[in-house]
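First up is the structure itself, then whatever we jot down about it.
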Amino acid sequence: MSNSPAFSLLQQRSVQPATQRSAQGTEPYAGEQQSRDFHRIAAAIDYLQQHVTEQPTLDALAAYLQLSPGYCLKLFQRWAGVSPKRFLQTLTTEQAKPLLLDHHSLLDTSLALGLSSPSRLYDHFVAIEAVTPGDFKRMGAELQIRYGRGFTLFGEAFIAWTDRGICQLTFLTTTPMTTGQHPTAADHHAAFARLSGSWPNAQLVADNHAASRLLDYVFQPLQTQTLSQQQPVPLLLRGTNFQVSVWRALLETGSGSRTTYGALAAALGNPNASRAVGGAVGANPVAWLIPCHRVIQASGAIGGYRWGVQRKAAMLARESCYMADTHPATAPNR
């Protein structure tokens with residue numbers, strides 16, 4: 001990585017896979033195991049959502065996943081810290097509606113959604129740096145970008161960064177994979193092609209080891225840190241002024257909350273710009289840290305997601321479960 005203070009901190013605090021902990025915090029939880037679990041969780045989400053009116057039993061879900069009921073329960077408790085039934089509850093429209101933020105909430109960063117808000121305690125403090133017009137035109141000239149892939153709670157991901165911040169974080173598949181499969185060479189090529197297309201004049205350097213450590217840090221919950229201990233995770237973003245303003249607005253949504261294109265547009269002072277907001281959300285180059293997964297439909301339905309609806313559902317559900325179990329008094333109302 002670079003010698004900048006922020007990235008030196010990321011190097012120091014990156015958690016090696018052998019010391020990651022499960023959602024229950026009782027056993028080592030390696031990145032590759034997390035990814036394998038995610039693909040089973042994604043398949044389970046697909047099944048549970050298709051059979052929500054039938055209220056599937058644990059036995060039925062386990063049979064679908066070709067697991068024993070005991071192991072199925074352990075899988076959910078290890079990955080999400082809750083039972084399959086509790087997990088499914090977080091995905092329903094009825095549960096989602098109370099979590100929707102209106103544009104007033106998005107604007108009131110000093111109170112409802114500011115850094116002092118408990119709903120932000122488990123988010124990384126993200127600091128956005130937009131490239132200058134000159135940098136934009138140079139398209140990465142005189143810039144070195146390191147990149148690589150690694151395992152995360154939500155499947156294998158591709159990440160790229162400079163000495164000024166993370167510039168890309170994408171997932172390598174858009175649909176769940178059955179256990180044992182991995183992203184293909186085409187998936188890796190597509191992620192690299194997006195990077196090289198966004199920064200065509202940059203020097204690109206592969207570094208999977210550093211990428212894996214950085215991904216560990218990005219997806220590591222901050223339950224052991226207070227706000228005073230948190231250090232900014234810098235992002236270096238190349239986008240139009242409007243796109244960057246939308247990405248900044250997304251940062252004002254806290255863990256466990258949801259928003260809509262309409263609310264984001266209103267927060268930006270242009271309530272008729274929902275379609276343009278949707279385009280900017282879809283162009284988000286840094287998944288998870290810029291939480292475009294928290295944008296759902298006004299009805300409460302999950303809606304689409306570039307990296308797969310099951311992955312989006314898993315992110316939302318895990319955030320909701322995590323907030324409810326680690327800080328129930330301040331978790332969003334359900």
Side-chain angles (χ1 to χ4, degrees), residues 38-39 41-53 87-103 106 152-158 168-177 183 186-187 190-191 193-194 198 219 237 239-240 242-268 270-320:
F38 163 71
H39 297 306
I41 292 289
I45 287 173
D46 196 39
Y47 174 80
L48 290 170
Q49 289 185 319
Q50 289 182 22
H51 299 83
V52 64
T53 58
F87 192 80
L88 176 62
Q89 289 173 346
T90 67
L91 300 175
T92 65
T93 298
E94 291 72 20
Q95 293 292 325
K97 278 188 175 181
L99 302 178
L100 280 172
L101 303 170
D102 59 25
H103 68 281
L106 283 170
T152 78
L153 277 170
F154 305 104
E156 197 168 347
F158 177 98
Q168 182 174 320
L169 199 174
T170 59
F171 294 100
L172 289 177
T173 58
T174 58
T175 56
M177 301 178 295
D187 294 321
R194 179 174 180 177
S198 298
F219 287 91
L237 303 181
T240 66
F242 181 77
Q243 286 176 326
V244 173
S245 69
V246 172
W247 299 335
R248 289 187 189 279
L250 283 169
L251 294 179
E252 305 308 330
T253 61
S255 291
S257 62
R258 318 285 163 84
T259 190
T260 65
Y261 295 134
L264 287 168
L268 294 171
N270 192 348
N272 296 320
S274 294
R275 186 180 296 273
V277 166
V281 170
N284 173 23
V286 182
W288 185 250
L289 287 176
I290 298 178
C292 57
H293 61 279
R294 294 178 188 158
V295 182
I296 66 174
Q297 297 177 4
S299 65
I302 288 177
Y305 188 56
R306 184 197 310 171
W307 295 291
V309 174
Q310 290 91 348
R311 179 175 278 115
K312 179 178 182 178
M315 290 176 165
L316 292 172
R318 197 175 195 281
E319 283 185 333
S320 295

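Of all the heavy atoms in A313 and I302, the pair that sits closest is CB-CD1, 3.6 Å. For V309 against G304, the heavy-atom pair with the smallest separation is CG2-CA, 4.1 Å. Pairing each heavy atom of R258 with each of S320, the nearest pair is NH2-OG, 2.8 Å. Heavy-atom minimum distance, G278 versus Y261: CA-CE2, 3.6 Å. Taking both residues in full, the closest heavy atoms of T170 and W307 are given as CG2-CZ2, 3.6 Å, listed atom of the first, atom of the second, then distance. The shortest non-hydrogen separation linking L289 to V286 is CB-CG1, 3.9 Å.
The CD atom of E252 lies 10.5 Å from the CG atom of L264; values are rounded to the nearest 0.5 Å. I41 contributes atom CD1, which lies 5.5 Å from atom CZ of F87 (distance to the nearest 0.5 angstrom). In this structure, Q310 CD and D46 CG are separated by 4.5 Å, a value rounded to the nearest 0.5 Å.
T253 places a side-chain N or O within donor-acceptor distance of the main-chain N or O of L250, the cut-off being under 3.5 Å. Within the 3.5 Å criterion, the main-chain N or O of C292 finds no donor-acceptor partner in the side chain of K312. Listed for the W247 side chain is a donor-acceptor partner under 3.5 Å among the backbone atoms of A280. Side-chain N or O atoms of Q243 include none that pairs as donor or acceptor with a backbone N or O of L237 at under 3.5 Å.
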Test side chain to side chain contact (heavy atoms under 4.5 Å, CB included) applied to Y305 and V295, step by step: CA-CA 9 Å; Y305 188 56; V295 182; over 6 Å; no
Full working for side chain to side chain contact (heavy atoms under 4.5 Å, CB included) between F171 and T152: CA-CA 9 Å; F171 294 100; T152 78; 3.8 Å; yes
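Inter-residue side-chain proximity for L169 and P285 is flagged as unmet; no heavy-atom pair is nearer than 4.5 Å.
Side-chain rings of F154 and W288 approach one another, their centers coming within less than 6.0 Å.
Residue M315 is tested with E319, R318, R311 for a side chain to side chain contact (heavy atoms under 4.5 Å, CB included); the sole match is R311.
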